[in-house]
Protein chains: 2
Amino acid sequence: MNDVFKALADPTRRAILEMLREREMTAGDIADCFTLAKPTLSGHLAVLLAADLVHRERIGTTLVYHLKLSVLEEAWLRLASTMRLGKSDPSCSTDTAPASPSR
Amino acid sequence: MNDVFKALADPTRRAILEMLREREMTAGDIADCFTLAKPTLSGHLAVLLAADLVHRERIGTTLVYHLKLSVLEEAWLRLASTMRLGKSDPSCSTDTAPASPSR
DNA sequence: TGTTTATTTTGGTAATTTGCTAAATAGCGA
DNA sequence: TCGCTATTTAGCAAATTACCAAAATAAACA
């Protein structure tokens, strides 16, 4: 959930998702669409993979990536339902860092 | 657009949006819901404000924040339409950093 | 086995983000 | 004006992120 939003925070990664929306592409195909170095794109793909937004499959020497739209949709639905249809009072219960004076 | 996704990337900021979903709150109210220091929360609110996800209004000494759901919805719709209903071939046109060998 | 192609991993640097404390600003009431 | 409350801004350290070049890995093929 958090990983999905973090993955979406980068414009390069959103562009990758957009390209992947229709056709699946190899890592090389994707890299050719950007002026960034291949290792950089590989890193972005790793983030998308960790967020479960894409799936990858090896075909011979190439790795084919394809979009997992369902995960993206689900993340949005989670946010949307928390946002619009949430039950009741928002009086302090959603703290991300509960009382633990770590620092 | 980019600012919206960047704002959503942080769990604290998403929690703030959730709390703001129903009732508008003062900066102090919000800060009391977290274990983070007030200036830290103020920073998060500044990010949300820059992303246009919240609006703030001064009432006396206090600043009242309220959610701008429409902006959030619009951001999603933009993404969703690019994602699902996009027109045609994704063959290299979405590059975020177009051919400019700066570095 | 050795070479080529496709891709990732490693190692390093610069920029950005997140958090803090302390100081500054804004409005209100005495 | 002075002091009080509410909040932000400034300045700084630690953690994370984004990028690259060089090295490593994986599969295919001669």
Side-chain angles (χ1 to χ4, degrees), chain A residues 2-17 19-20 24-51 53-66 92 95-103, chain B residues 2-17 19-20 24-51 53-66 94-103:
Chain A
N2 190 31
D3 291 336
V4 173
F5 285 108
K6 276 202 178 161
L8 288 175
D10 187 280
T12 299
R13 287 193 292 263
R14 287 199 305 275
I16 293 173
L17 293 177
M19 296 190 315
L20 246 33
E24 52 186 29
M25 299 172 83
T26 70
D29 288 343
I30 295 169
D32 290 343
C33 292
F34 295 87
T35 49
L36 300 171
K38 280 179 182 175
T40 302
L41 264 296
S42 183
H44 283 306
L45 289 170
V47 172
L48 294 174
L49 197 62
L53 282 167
V54 301
H55 172 257
R56 88 174 160 198
E57 189 184 358
R58 178 176 285 280
I59 307 232
T61 52
T62 70
L63 289 175
V64 181
Y65 286 85
H66 71 78
C92 306
D95 193 339
T96 310
S100 48
S102 47
R103 262 197 192 175
Chain B
N2 190 32
D3 290 337
V4 173
F5 285 108
K6 275 201 179 163
L8 288 175
D10 185 281
T12 298
R13 286 193 292 264
R14 286 199 306 275
I16 293 174
L17 292 177
M19 295 191 315
L20 246 34
E24 53 185 29
M25 298 172 85
T26 70
D29 288 342
I30 295 169
D32 290 342
C33 291
F34 294 87
T35 48
L36 300 171
K38 280 178 181 175
T40 301
L41 264 298
S42 182
H44 282 304
L45 289 170
V47 172
L48 293 174
L49 197 61
L53 282 167
V54 301
H55 171 258
R56 88 173 160 198
E57 189 185 357
R58 177 175 286 280
I59 306 231
T61 52
T62 70
L63 289 176
V64 181
Y65 287 84
H66 71 79
T94 14
D95 193 338
T96 310
S100 47
S102 48
R103 266 197 191 174

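What you see below is based on every heavy atom in this structure, not just the backbone, and it leaves out hydrogens, waters and symmetry mates. Sequence lines set the chain letters: A, B, ... in the order given, protein chains first and strands last, and positions in each chain run from 1.
Rounding to the nearest 0.5 angstrom, the gap separating the CD1 atom in A/Ile30 from the CG atom in A/Leu36 is 12.5 Å. Here A/Tyr65 contributes atom OH and A/Met25 contributes atom CE; the two are 12.5 Å apart, rounded to the nearest 0.5 Å. For the atom pair B/Glu57 CD and B/His66 NE2, the distance stands at 6.5 Å (nearest 0.5 Å). Here A/Ile16 contributes atom CD1 and A/Asp10 contributes atom CG; the two are 8.0 Å apart, rounded to the nearest 0.5 Å.
Contacts between residues 42-50 of chain B and DNA chain D, counted as heavy-atom distances below 4.0 Å, involve B/Ser42.
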Each nucleotide of nucleotides 22-29 of chain D classed B (base within 4.0 Å of a protein heavy atom), S (only sugar-phosphate) or -, in 5' to 3' order, makes B---SBS-

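With DNA chain D read from its 5' end, the first of the two nearest nucleotides for B/Leu41 and A/Lys6 is the one closest to B/Leu41. If A/Thr40 and B/Tyr65 are placed on DNA chain D by their nearest nucleotide, the residue sitting closer to the 5' end is B/Tyr65.
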Between B/Asp3 and B/Leu53, does a side-chain contact (heavy atoms from CB on, under 4.5 Å) hold up when you go through it step by step?
CA-CA 9 Å; B/Asp3 290 337; B/Leu53 282 167; over 6 Å; no

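Shown here are the side chain to side chain donor-acceptor pair (under 3.5 Å) partners of A/Asn2, two or more places apart in sequence or in another chain: B/Arg14. Residues satisfying the side chain to side chain contact (heavy atoms under 4.5 Å, CB included) criterion with A/Thr62, sequence neighbours excluded, are A/Thr26, A/Ile59, A/Val64.
Relative to the side chain of B/Leu36, the nucleotides D/dC19, C/dC20, D/dT7 differ in distance, and C/dC20 lies closest. Listed nucleotides: D/dT7, C/dT8, C/dC20. Nearest to the side chain of B/Ala37: C/dC20. Of the candidates C/dT18, C/dT7, D/dT8, C/dT7 carries the atom nearest the A/Ala27 side chain, counting heavy atoms from C-beta on.
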Per-residue pairing states of DNA chain C in dot-bracket (Watson-Crick or G-U under 3.5 Å; . unpaired, | other strand) read ||||||||||||||||||||||||||||||

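Distance CG (B/Leu63) to P (D/dT5): 17 Å, rounded to an integer number of Å. As a whole-Å value, the separation of A/Lys38 NZ from D/dA21 P is 13 Å. For the pair B/Arg13 CZ and C/dT16 C1', the interatomic distance rounds to 12 Å; values are reported in whole Å. Computed from coordinates, the A/Arg56 CZ to C/dT7 P distance equals 11 Å when rounded to whole Å. Distance CG (B/Asp32) to P (D/dT5): 15 Å, rounded to an integer number of Å. Atom CD of A/Glu57 and atom C1' of C/dA6 are 16 Å apart (whole Å).
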Less than 3.5 Å apart, which donor and acceptor atoms pair up between the side chains of residues 38-50 of chain A and the rest of the protein, not counting sequence neighbours?
residue	atom	partner	partner atom	Å
A/His44	ND1	A/Arg13	NH1	3.2

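Nearest approach of A/Ala9 to B/Phe5, heavy atoms of both residues: CB-O, 3.9 Å. Considering every non-hydrogen atom in both A/Ala51 and A/Val4, the closest pair reads O-CG2, 3.8 Å.
In this structure the side chain of B/Leu8 never reaches within 4.5 angstrom of the side chain of A/Leu8, judged on heavy atoms.
The residue A/Thr62 sits close only to the backbone: its heavy atoms come under 4.0 Å of sugar-phosphate atoms, none of a base.
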